[in-house]
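Quick notes on the structure that follows.
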Amino acid sequence: MRFGFTMHQNIQHNTVNMTYTDVFNTIKSALTGRATGTKVQVEDHEAAEIALLNYIEQLKSQTSGSIVREAHAYATKGVSCNLTWSLVFPDSNYTYNVNGVDAKGNPVQIYLVSKSTTKLVVKTLVNATLNAIAMPYSGITA
């Protein structure tokens, strides 16, 4: 039981992206869209509750999987090095940051050779350990 009402087991959850405004309007309609002096209808209450739960699940699923990708590699002086992303991007519209250090811990210059959905190809002028992170430009939409 939730809020004094019995939930029906056959209620289908919405798979369409919802906005905060959609959920707010559903709740507001359930509470105010009735005649004065009447109780909130079970169906309206359940619709509002499910809208809120679906919205929460949507936000959780958008943020639970990391949108940040990582790549690590050892680069040999003058040789192309592949920094392969931990998760493939849907397209090459992403931003990235690559850092590298030589054997003494000094920062190194890194030159981009190419960029794809699966990896960056870079070169360094010295042997170096490289670490990269990347994130889609679009980010989360809610």
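Scope of the values below: all heavy atoms of this structure, side chains included, with no hydrogens, waters or symmetry mates. In this text the structure is predicted, and so the values were computed from the model without any measurement.
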Distance-only donor-acceptor hits, side chain of residues 28-37, under 3.5 Å, sequence neighbours excluded:
from, atom 1, to, atom 2, distance (Å)
Thr32, OG1, Lys28, O, 2.6
Arg34, NE, Leu31, O, 2.9
Arg34, NH1, Thr38, O, 2.3
Arg34, NH2, Leu31, O, 3.2

Are Leu130 and Leu112 co-members of a hydrophobic cluster defined by side-chain heavy atoms under 4.5 Å apart? yes
Spacing of Tyr55 atom OH and Thr26 atom OG1 [to the nearest 0.5 Å]: 12.0 Å
Report whether Val126 and Val98 are members of the same hydrophobic cluster (ILVMFWY, side-chain heavy atoms less than 4.5 Å apart, transitive linking). yes
Main-chain N/O of Ile110 paired to Lys123 side chain as donor or acceptor, under 3.5 Å: no
Listed partners of Ser116 passing side chain to side chain donor-acceptor pair (under 3.5 Å), at least two apart: Thr118
For residues 73-90, please give each side-chain donor-acceptor pair under 3.5 Å, one per line with the distance, not counting sequence neighbours.
from, atom 1, to, atom 2, distance (Å)
Trp85, NE1, Tyr94, OH, 3.0
Ser86, OG, Glu70, N, 3.1

For residues Val108 and Tyr111: do they belong to one hydrophobic cluster (side chain heavy atoms under 4.5 Å, members Ile, Leu, Val, Met, Phe, Trp, Tyr)? no
Taken in chain and number order and not counting sequence neighbours, the residues that satisfy side chain to side chain contact (heavy atoms under 4.5 Å, CB included) with Lys39 are none
Does Ser114 reach the side chain of Lys119, with side-chain heavy atoms less than 4.5 Å apart? no
Can you list the other members of the hydrophobic cluster that holds Val121, where links are side-chain heavy atoms under 4.5 angstrom apart? Val113
Suppose we screen for side chain to side chain donor-acceptor pair (under 3.5 Å). Which residues come up paired with Thr117, at least two apart in sequence or across chains? none
Applying side chain to side chain donor-acceptor pair (under 3.5 Å), can you list everything that pairs with Tyr96, at least two apart in sequence or on another chain? none
Does Asn106 use its side chain to pair, donor to acceptor, with the backbone of Asp102 at less than 3.5 Å? no
State which residues pass side chain to side chain contact (heavy atoms under 4.5 Å, CB included) with Asn97; sequence neighbours excluded, sorted by chain then number. Asn99, Ile133
Can you name the residues that form a side chain to side chain contact (heavy atoms under 4.5 Å, CB included) with Asp22, not counting sequence neighbours? Met18, Thr19
